[in-house]
Amino acid sequence: MGKTTDLRREITTIFVPAMQRRGFTVDKRDLPVFLRFWRIKDDEAHLFDIQWEKYGRPRFIVNFGRCPAAGLVIRGKHYAPQDVLASWTPEGGRLQPQPGTSSRSWFRQDKPFLQSLFSREKLRPADEVIAVDLLCTFGEVEMWWESRTRMAHMHRHLHLRQH
């Protein structure tokens with residue numbers, strides 16, 4: 001069993017059904033690195049993905065964005081909304097529990113270094129990470145799609161968008 005197995009299982013059991021109830025389609029084509037979600041609402045597509053930490057630690061971040069319901073044209077090529085990555089969108093960002101640019105600020109099951117030194121358990125319960133950390137902060141992304149107001153756990157992602 002890998003380091004991320006329990007966390008991935010809880011995302012599948014808790015988070016994915018919650019997003020499907022909100023009208024999102026789940027796209028697994030980029031697993032194991034990304035789990036993508038998209039929905040069409042009114043005249044735009046709401047996009048987000050769960051990006052797993054590349055070294056296999058039990059950490060992830062949520063990239064989010066929006067584009068027209070018809071999709072995006074990038075470098076002269078049209079992409080349908082289900083093919084657009086959240087990081088390609090000009091107004092998107094990242095949802096993360098703490099500010100910072102390293103994966104230490106991402107959603108994480110592993111305890112911070114100092115806490116892990118004084119604890120028998122090195123990992124937090126996976127269901128706590130999803131139900132408490134992720135689901136509680138994801139409402140900020142829903143509010144951003146409605147009002148474009150940046151909230152406390154939202155940060156801009158750095159990308160180069162080419163037309």
Side-chain angles (χ1 to χ4, degrees), residues 1-41 45-66 81-82 84-89 91-159:
M1 184 162 75
K3 294 177 186 176
T4 64
T5 301
D6 289 340
L7 201 51
R8 288 176 188 268
R9 184 180 305 118
E10 292 302 318
I11 283 177
T12 301
T13 317
I14 297 171
F15 187 71
V16 167
M19 295 302 104
Q20 289 173 320
R21 286 189 297 274
R22 294 178 186 186
F24 284 95
T25 298
V26 182
D27 184 340
K28 298 178 181 181
R29 72 179 116 168
D30 296 322
L31 282 175
V33 180
F34 292 94
L35 178 61
R36 295 168 52 184
F37 298 80
W38 64 276
R39 74 176 174 199
I40 304 295
K41 191 166 183 185
H46 297 168
L47 316 162
F48 75 93
D49 59 65
I50 292 174
Q51 176 183 342
W52 291 92
E53 198 262 356
K54 66 182 176 181
Y55 298 111
R57 291 179 287 218
R59 301 175 184 179
F60 64 89
I61 196 163
V62 176
N63 301 301
F64 64 90
R66 68 180 183 96
Q82 62 268 26
V84 174
L85 295 174
S87 60
W88 294 354
T89 64
E91 294 182 62
R94 287 186 154 178
L95 179 71
Q96 58 193 65
Q98 300 176 43
T101 56
S102 76
S103 69
R104 289 186 302 246
S105 62
W106 291 17
F107 295 97
R108 58 191 288 178
Q109 187 181 11
D110 58 321
K111 292 181 178 177
F113 179 71
L114 288 176
Q115 283 183 10
S116 68
L117 288 177
F118 300 105
S119 174
R120 292 187 63 178
E121 297 295 323
K122 301 299 179 201
L123 298 176
R124 297 171 52 211
D127 61 336
E128 177 183 302
V129 175
I130 304 308
V132 176
D133 297 351
L134 178 58
L135 280 173
C136 288
T137 58
F138 194 81
E140 294 182 15
V141 177
E142 290 278 15
M143 291 187 336
W144 178 82
W145 280 319
E146 294 300 318
S147 68
R148 303 301 181 262
T149 303
R150 291 221 174 254
M151 307 296 282
H153 299 97
M154 300 170 87
H155 308 280
R156 282 203 162 281
H157 53 65
L158 301 174
H159 68 281

Which residue in the set F37, F60, W38, F64 passes ring pair (Phe, Tyr, Trp, His ring centres under 6.0 Å) when paired with F48? F37
Are H155 and R94 close enough, and set up right, to give a side-chain hydrogen bond (donor to acceptor under 3.5 Å, both in side chains), and what steps lead you there? CA-CA 5 Å; H155 308 280; R94 287 186 154 178; over 6 Å; no
Is a salt bridge present between E142 and K41, judged by a nitrogen-to-oxygen distance below 4.0 Å? no
Residues which pass salt bridge (Lys or Arg N to Asp or Glu O under 4.0 Å) with E53, listed by chain and number, not counting sequence neighbours: R57
Report yes or no: does R148 contribute a side-chain atom to a donor-acceptor pair with the main-chain N or O of E91 at less than 3.5 Å? no
Atom CG in D127, atom CD in Q109: separation rounded to 0.5 Å? 9.0 Å
Between W145 (side chain) and G65 (backbone), is there a donor-acceptor pair under 3.5 Å? yes
Could you give the distance from CZ (F24) to NE2 (H46), rounded to the nearest 0.5 Å? 7.0 Å
Walk me through whether D110 and R59 qualify under side-chain contact (heavy atoms from CB on, under 4.5 Å). CA-CA 8 Å; D110 58 321; R59 301 175 184 179; 2.6 Å; yes
Shortest non-hydrogen contact from G100 to S105? O-OG, 3.2 Å
Nearest heavy atoms of A86 and N63, plus distance in Å: CB-O, 3.6 Å
Heavy-atom side-chain contact between L85 and R36 under 4.5 Å: yes
Are side-chain heavy atoms of K28 and L35 found at a separation under 4.5 Å? yes
Tell me whether the NZ or CZ atom of R104 lies within the 45° cone about the ring axis of W106 and under 6.0 Å from its centre. no
If you round to the nearest 0.5 Å, how far is CG of L95 from CD1 of I61? 8.0 Å
Nearest-0.5 Å distance, CG of residue L7 to CD1 of residue I50: 8.5 Å
Go through it in stages, so that I can follow the logic: the residues are R8 and T5, the test is side-chain contact (heavy atoms from CB on, under 4.5 Å), and I'd like the CA-CA distance, side-chain angles, deciding distance and then a yes or no. CA-CA 5 Å; R8 288 176 188 268; T5 301; 5.9 Å; no
Could you measure the distance from the CE atom of M19 to the CG atom of L135? Nearest 0.5 Å is fine. 6.0 Å
Please enumerate all residues that pass salt bridge (Lys or Arg N to Asp or Glu O under 4.0 Å) together with R21, with sequence neighbours excluded. none
Any idea which heavy atoms bring E140 and A152 closest together, and the distance? OE1-N, 3.6 Å
Measure the OG1-CD distance between T12 and E10 for me, rounded to the nearest 0.5 Å. 9.0 Å
Expected output: side-chain T137 to main-chain L134 donor-acceptor under 3.5 Å: yes
Between L47 and R66, is the side-chain contact (heavy atoms from CB on, under 4.5 Å) condition met? List the steps. CA-CA 6 Å; L47 316 162; R66 68 180 183 96; over 6 Å; no
Any chance CZ of R150 has more than 12 other-residue heavy atoms, nucleotides or ligands included, within less than 6.0 Å? yes
Just do the side-chain contact (heavy atoms from CB on, under 4.5 Å) check on F107 and I11 with the steps written out, would you? CA-CA 12 Å; F107 295 97; I11 283 177; over 6 Å; no
